[in-house]
Every structure is written in C-alpha cells, then in structure tokens.
Amino acid sequence: LIIYSFCVVTSFVLYVRLDYYFYDDQIPSKRNFLSCFTASQAPIVHADFGINIFYAVVFAIRLVASNSTLSFWLTMDTMADHVTLLPSLIMYILNRHLLAFQYARLVGLRFIVNTLIYCSIIRGEKYIRLFNLLIQIISVWLISAGFFQLIEGVGDFWLEEGLTSAGFISFHDCFYFLLITMSTVGYGDISPRTILGKFFIILFVVVAL
C-alpha cells in the first residue's frame with residue numbers, strides 16, 4: 001500500500017517534469033502536443049517505465065485475486081491501466097514518447113488516505129472523512145487538468161482545419177485555468193480553443209458547481 005501510494009505520487013511528479021521539459025525545450029510558436037521525444041532527451045522516462053512495470057505486476061495480482069472478472073475490468077484502476085501500460089510499453093520500445101494518459105494514474109491518490117491510516121498518521125472518523133474529501137477534490141482537479149491538456153493538444157481531429165486549433169498548453173496552465181474557472185473568477189487569459197475543450201469545460205463547470 002505504501003509502495004503503491006509512493007508510485008502514484010512519483011509517476012505524477014515525473015509526468016509534470018516531462019511536461020516542463022516539453023514546455024521549455026520547444027520554441028513557443030512550434031510547440032505541439034503530438035511531438036515525440038526520445039529517452040536520450042529525457043532520461044527520466046526510464047524511471048517512468050520502471051514504475052509502469054510495478055503497475056503491471058499489481059495489475060496481474062489484482063486480476064488473479066479478483067472474484068468478478070467483469071467488475072475488475074470496469075474499475076477505475078483497471079481503466080487507468082488500459083490507457084497507460086500498453087502505450088508506455090509501445091513508446092518505450094519505439095523510443096518515441098508522448099505526454100498522453102499518464103495523468104490517469106492519479107486515480108490511485110485515494111490510496112494515500114489508506115496509507116496515512118495504516119501508518120497511524122491520521123486518526124478519527126472526522127479526519128478520515130476530511131482527508132478523503134480533500135483527496136477526491138484534488139484528484140478530480142488534477143485529472144481534469146490532464147484531460148483538458150490532452151484534448152486541447154489533440155485538437156478537433158475530425159475537422160479538416162481541426163489540427164490548426166491544436167496547441168500545447170502546459171499542465172500548470174491547465175491546472176490554473178480550471179481553478180480560475182471553478183472559482184467563477186474567469187480572468188480570460190487562458191481559454192479553450194477546440195470544440196472538445198469547450199464542451200469539456202461546460203461539463204466541468206456543471207459538475208464543479
């Protein structure tokens with residue numbers, strides 16, 4: 001449990017670090033979310049792949065220990081495995097890495113509360129509920145920021161001019177934008193440029209409110 005929580009936090013830190021590498025390495029006018037980078041350009045992808053090996057082992061153990069195969073395949077953790085394990089393996093073999101679905105690992109943040117309880121760091125039902133609520137809010141916030149970054153980076157791919165609307169928005173800008181939007185302040189310095197991004201923000205605001 002402690003190792004799993006550590007891997008969740010570490011994989012997110014690596015994702016943010018890769019995001020900053022990607023953001024700093026490219027010329028602003030030529031930044032493209034779909035651009036690939038190699039392991040020699042960002043050696044920390046080896047650490048990310050090592051963590052994914054651990055997740056693969058946990059996935060196999062969970063599958064064997066599951067009482068219901070259907071319910072196993074429909075859990076949030078399994079869905080996160082679907083969009084991270086195989087793409088990570090393919091990218092590592094081809095040595096072509098993207099900022100794709102790594103943020104999905106944040107669904108495992110809820111285990112941090114269990115870890116804190118196990119280590120006797122938090123006690124009492126009131127504090128456990130408070131930490132659970134806090135972790136849920138942070139998880140939704142961070143995962144939404146990652147998903148918004150993804151759909152804005154991909155663009156409206158079904159339209160002929162859709163790729164022209166695509167662009168790279170850093171994770172911290174996405175995080176900031178969702179906070180400002182959720183608080184109903186809305187400075188207007190960042191806004192969605194794609195149709196998918198606009199629809200996502202509509203749903204996000206409705207759910208957040």
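Both backbone and side-chain heavy atoms feed into the values below; hydrogens, waters and symmetry mates do not.
Counting heavy atoms from C-beta on, the side chains of I3 and F54 come closer than 4.5 Å. Counting heavy atoms from C-beta on, the side chains of R17 and I44 come closer than 4.5 Å. Using a 4.5 Å heavy-atom threshold, the side chains of M182 and F204 count as touching. Contact annotation: the side chain of T10 approaches that of L14 to within less than 4.5 Å [non-hydrogen atoms, C-beta and beyond].
Of the possible polar contacts, none joining the S66 side chain to the R62 backbone as a donor-acceptor pair under 3.5 Å is found. In this structure a side-chain-to-backbone donor-acceptor pair under 3.5 Å is present from Q149 to I169. With E152 contributing its side chain and R193 its backbone, the two residues share a donor-acceptor pair below 3.5 Å. Under a 3.5 Å cut-off, the side chain of T84 and the backbone N or O of A80 do form a donor-acceptor pair. Although no hydrogens or angles enter the test, the distance criterion places no donor-acceptor pair under 3.5 Å between the side chain of S88 and the main chain of N52.
Scanning all heavy atoms of the two residues, the minimum distance from Y92 to V45 falls at CE1-O, 4.3 Å. The shortest non-hydrogen separation linking I112 to V9 is CD1-CG2, 3.8 Å. Residues A145 and C174 come closest through the heavy atom pair O-CB, 3.5 Å. Across every non-hydrogen atom of G197 and P192, the tightest pair is C-CB, 3.8 Å.
For the salt bridge (charged side-chain N to carboxylate O under 4.0 Å, His left out) test, residues two or more places apart in sequence or in another chain that qualify with R129 are E125. Not counting sequence neighbours, Y127 has no partner by the side chain to side chain contact (heavy atoms under 4.5 Å, CB included) test. With sequence neighbours excluded, the residues satisfying ring pair (Phe, Tyr, Trp, His ring centres under 6.0 Å) with F200 are F147. Every residue two or more places apart in sequence or in another chain that forms a side chain to side chain contact (heavy atoms under 4.5 Å, CB included) with I121 is listed here: L116, C119. A search for side-chain hydrogen bond (donor to acceptor under 3.5 Å, both in side chains) contacts involving Y4 returns nothing, not counting sequence neighbours. Legend: residues meeting ring pair (Phe, Tyr, Trp, His ring centres under 6.0 Å) with F148, ordered by chain and number and at least two apart, are F177. In terms of the ring pair (Phe, Tyr, Trp, His ring centres under 6.0 Å) criterion, residue partners of F171 (sequence neighbours excluded) are, by chain and number, F12, Y15. For F101, there are no ring pair (Phe, Tyr, Trp, His ring centres under 6.0 Å) partners, not counting sequence neighbours. Shown here are the side-chain hydrogen bond (donor to acceptor under 3.5 Å, both in side chains) partners of S71, two or more places apart in sequence or in another chain: S68. Residues meeting the side chain to side chain contact (heavy atoms under 4.5 Å, CB included) test with S11, sequence neighbours left out: I51, Y55, R105. Partners of I135 according to the side chain to side chain contact (heavy atoms under 4.5 Å, CB included) rule, which considers only residues two or more places apart in sequence or in another chain, are L109, V113, S139.
Atom CZ of F6 has 12 or fewer neighbouring heavy atoms from other residues, nucleotides or ligands inside a 6.0 Å radius. For L203, the CG atom counts as densely surrounded, since its 6.0 Å shell holds more than 12 non-hydrogen atoms of other residues, nucleotides or ligands. In the displayed structure, M76 atom CE is contacted under 6.0 Å by at most 12 heavy atoms of other residues, nucleotides or ligands.
Note that CG of L70 is 11.0 Å distant from CH2 of W73, once rounded to the nearest 0.5 Å. Rounding to the nearest 0.5 angstrom, the gap separating the CG atom in L63 from the CG atom in D81 is 10.5 Å. Rounding to the nearest 0.5 Å places CG of L178 at 5.0 Å from CD1 of I201. Expressed to the nearest 0.5 Å, how far CD1 of I143 lies from OH of Y103 amounts to 8.5 Å. For the atom pair L94 CG and L89 CG, the distance stands at 9.0 Å (nearest 0.5 Å). Here the CZ atom belonging to R123 is positioned 11.5 Å from the CD1 atom belonging to I117, to the nearest 0.5 angstrom.
Under the 4.5 Å side-chain heavy-atom criterion for ILVMFWY residues, a single connected hydrophobic cluster contains both L179 and F175. When hydrophobic clusters are built by joining Ile, Leu, Val, Met, Phe, Trp and Tyr residues whose side-chain heavy atoms come closer than 4.5 Å, directly or via intermediates, I2 is grouped together with F111. Placement of I137 and V8 in two distinct hydrophobic clusters is found when ILVMFWY residues are connected by side-chain heavy-atom separations under 4.5 Å, directly or transitively. No path of Ile, Leu, Val, Met, Phe, Trp and Tyr side chains, each step under 4.5 Å between heavy atoms, connects M79 with L86, placing them in separate hydrophobic clusters. Linking Ile, Leu, Val, Met, Phe, Trp and Tyr whenever their side-chain heavy atoms come within less than 4.5 Å leaves V205 and V140 in two separate clusters.
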Under the side-chain contact (heavy atoms from CB on, under 4.5 Å) criterion, do F59 and F72 qualify, and how do the steps go?
CA-CA 10 Å; F59 175 85; F72 168 79; 3.6 Å; yes
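Sequence neighbours left out, the pairs with a member in residues 107-120 that pass side chain to side chain donor-acceptor pair (under 3.5 Å) are S5-T115, D77-R110.
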